[in-house]
Amino acid sequence: AKDTLQTLNSVSPTAMRATFYLLKTGAKMSLKECLRREYSLGAEFLRNVPDMKIGITSKLVKKEKTTVWSPPTNNEVKSESIKSLFDPSA
C-alpha cells in the first residue's frame with residue numbers, strides 16, 4: 001500500500017483524475033466507444049494540458065526524481081477542468 005501511494009503521489013494529478021473519470025464513465029460504454037474516448041483524451045492532453053510537456057521534460061529528458069505538476073496536487077484539480085478534457089467545447 002505504501003508503494004502504491006508513493007506511485008500515485010508521483011504522477012500527474014490531472015492525468016490521474018482524468019483516468020479515474022475514464023474508468024468511471026467507461027463502465028457503461030462499448031469497447032469501441034471507450035477506445036475512441038481514450039484516443040481523444042490523449043490528443044487533448046497533447047494539445048492543452050501542461051503536464052504532458054512537464055512530464056516528458058522532467059521524467060524523460062532531465063531524468064528528475066520529482067516533478068512539479070500543474071496543478072501540483074489532486075485536491076487542486078478542478079472537476080470542471082477534467083470534464084472539459086472530454087468535451088473541449090464546454
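Numbers here simply count residues along the sequence, with the first being 1.
Within the 4.5 Å cutoff, side-chain heavy atoms of Lys83 are placed close to those of Tyr21. Within the 4.5 Å cutoff, side-chain heavy atoms of Asp51 are placed close to those of Ser70.
Note that OG of Ser12 is 9.5 Å distant from CE of Met52, once rounded to the nearest 0.5 Å. Distance check, rounded to the nearest 0.5 Å: OG1 of Thr66 to NZ of Lys59 gives 7.0 Å. Expressed to the nearest 0.5 Å, how far CD of Glu76 lies from OG1 of Thr14 amounts to 10.0 Å. One distance of note links CZ of Arg36 with OG of Ser30; it measures 8.0 Å at 0.5 Å rounding. Atoms OG1 and CE, from Thr19 and Met16 in turn, are 9.0 Å apart once rounded to the nearest 0.5 Å. We find the CD-OG1 distance between Gln6 and Thr4 to be 10.0 Å, quoted to the nearest 0.5 Å.
Of all heavy-atom pairs spanning Pro72 and Pro13, the tightest one is O-CG, 3.6 Å. When all heavy atoms of Cys34 and Gly26 are compared, the closest pair comes out as SG-O, 3.5 Å. Residues Thr25 and Met29 come closest through the heavy atom pair O-CG, 3.8 Å.
In terms of the ring pair (Phe, Tyr, Trp, His ring centres under 6.0 Å) criterion, Phe45 has no residue partners (sequence neighbours excluded).
Hydrophobic clustering (side-chain heavy atoms under 4.5 Å, transitive across Ile, Leu, Val, Met, Phe, Trp, Tyr) keeps Trp69 apart from Ile82. Hydrophobic cluster membership differs between Leu46 and Ile54, with clusters built from Ile, Leu, Val, Met, Phe, Trp and Tyr side chains linked at under 4.5 angstrom.
Looking only at distances, a side-chain donor or acceptor of Arg17 sits under 3.5 Å from a matching main-chain atom of Val77. Under the 3.5 Å distance criterion, the side-chain polar atoms of Lys63 are matched with a main-chain donor or acceptor of Leu60.
Within a 6.0 Å sphere centred on CD of Glu33, heavy atoms belonging to other residues, nucleotides or ligands number more than 12.
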